[in-house]
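What follows is one structure encoded as structure tokens, with my remarks underneath.
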Amino acid sequence: MTCSKVTILLLVFLISTVTIAYAANFNQDFDITWGDGRAKILNNAQLLTLSLDKASGSGFQSKNEYLFGKIDMQLKLVPGNSASTVTAYYLSSKGGAWDEIDFEFLGNLSGDPYILHTNVFSQGKGNREQQFYLWFDPTADFHTYSILWNPQRIVFSVDGTPIREFKNMESKGIPFPKKQPMRIYSSLWNADDWATRGGLVKTDWSNAPFTASYRNFNANACTVSSGISSCSSTQSNKNAWFSEELDSTSYERLKWVQKNYMIYNYCTDIKRFPQGLPQECRMS
């Protein structure tokens with residue numbers, strides 16, 4: 001065997017061992033919180049599935065709490081007629097003045113596109129919905145849904161393409177999530193009173209059980225335990241994501257998504273806010 005072939009085989013071996021060492025382990029990272037057996041961790045803890053039937057949905061949450069980070073999860077959504085099902089994947093703190101960063105996937109009739117619903121809550125105030133169609137079938141394969149959360153901004157991304165940015169505008173009196181640690185939550189549940197065409201389309205239980213799948217979780221983030229962050233200020237500043245912002249290319253991709261795939265933006269909903277649009281809308 002030539003030296004070059006040995007080198008290549010050694011590199012392949014090293015890459016494979018690194019991949020194994022850093023692959024997501026759902027048993028280590030998450031707890032199944034409800035569903036009475038409908039949520040399952042499979043494939044040596046590399047895959048997690050949530051299921052919904054007429055009796056119940058299911059859900060899980062992260063073992064860790066996070067205060068800033070870059071968090072990725074690959075999801076494959078409920079296929080076929082998923083009308084009135086909701087797959088929620090979000091970060092949230094606790095309490096009456098909670099913070100939250102939401103992805104929600106609203107199912108639809110076969111052949112119709114899913115609606116990706118996003119929202120940001122700060123100190124218990126939300127009402128910041130933006131909704132999108134996706135430029136691919138999210139039920140055919142896994143796709144990566146990411147949240148970048150640092151002290152300056154929150155960026156929602158799909159397969160590396162930013163779709164929404166919520167900037168820190170505390171200097172203008174607009175609360176921003178930056179003090180409360182949040183866990184990751186996900187659930188699959190029935191919302192036939194509102195999720196599809198305002199509740200006109202009901203869940204077809206003949207298609208149950210409905211199943212969504214998760215893999216390749218990654219959190220490059222600061223964890224919080226007993227009020228203490230795993231990141232000191234000097235460590236945080238060494239993490240690229242801690243000060244990451246959209247460059248010109250990413251900003252153009254964001255605008256492309258919003259021009260072609262955004263179907264609702266609270267910042268343009270004059271009927272909803274007859275007294276005037278929220279302050280952040282007037283400033284962005």
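All values reported here derive from a predicted model rather than from experimental measurement. Note that these values count all heavy atoms, side chains included, but never hydrogens, waters or copies made by symmetry.
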Item to complete: Compute the centroid of each ring, for Phe30 and then for Tyr214, and state whether the two points are separated by less than 6.0 Å.
Response: no
Worksheet item: Would Tyr90 and Tyr185 count as a close aromatic pair, with their ring centres under 6.0 Å?
Response: yes
Pairs of donor and acceptor atoms involving the side chains of residues 249-258, under 3.5 Å and at least two apart or interchain, shall be tabulated with distances.
| from | atom 1 | to | atom 2 | distance (Å) |
| --- | --- | --- | --- | --- |
| Ser250 | OG | Asp247 | OD1 | 3.0 |
| Arg253 | NH2 | Thr161 | OG1 | 2.8 |
| Gln258 | NE2 | Ile163 | O | 3.1 |

Within-4.5 Å side-chain heavy-atom neighbours: [X] and [Y]:
X      : Y      : answer
Asn25  : Phe217 : no
Val158 : Leu116 : yes
Phe26  : Ile32  : no
Leu148 : Ser157 : no

Worksheet item: Looking just at side-chain N and O atoms, do Thr49 and Thr211 make a donor-acceptor pair shorter than 3.5 Å?
Response: no
Where at least one partner belongs to [range], residue pairs that pass salt bridge (charged side-chain N to carboxylate O under 4.0 Å, His left out), sequence neighbours excluded:
range            : result
residues 45-71   : Asp31-Lys63, Arg38-Asp53, Lys70-Glu244
residues 265-276 : Glu129-Arg272
residues 132-158 : Arg153-Glu165

Please determine whether the number of non-hydrogen atoms from other residues, nucleotides or ligands lying under 6.0 Å from atom [atom1] of [X] exceeds 12.
X     : atom1 : answer
Lys94 : NZ    : no
Asp36 : CG    : no
Asn44 : CG    : no

Practice prompt. For Asn168 and Glu170, indicate whether the former's side chain and the latter's backbone hold a donor-acceptor pair under 3.5 Å.
Written response: yes
Worksheet, complete the sentence: With Tyr145 as partner, the option from Phe156, Tyr89, Phe105 fulfilling ring pair (Phe, Tyr, Trp, His ring centres under 6.0 Å) is Phe105
Practice prompt. Mind checking salt bridge (Lys or Arg N to Asp or Glu O under 4.0 Å) for Arg215 and listing every partner two or more places apart, or none if nothing turns up?
Written response: none
Practice prompt. Measure up the Phe68 and Phe242 rings against each other and bin them: parallel (under 30°), tilted (30 to 60°), perpendicular (over 60°).
Written response: perpendicular
Worksheet, complete the sentence: By side chain to side chain donor-acceptor pair (under 3.5 Å), Ser206 pairs with (sequence neighbours left out) Asp204
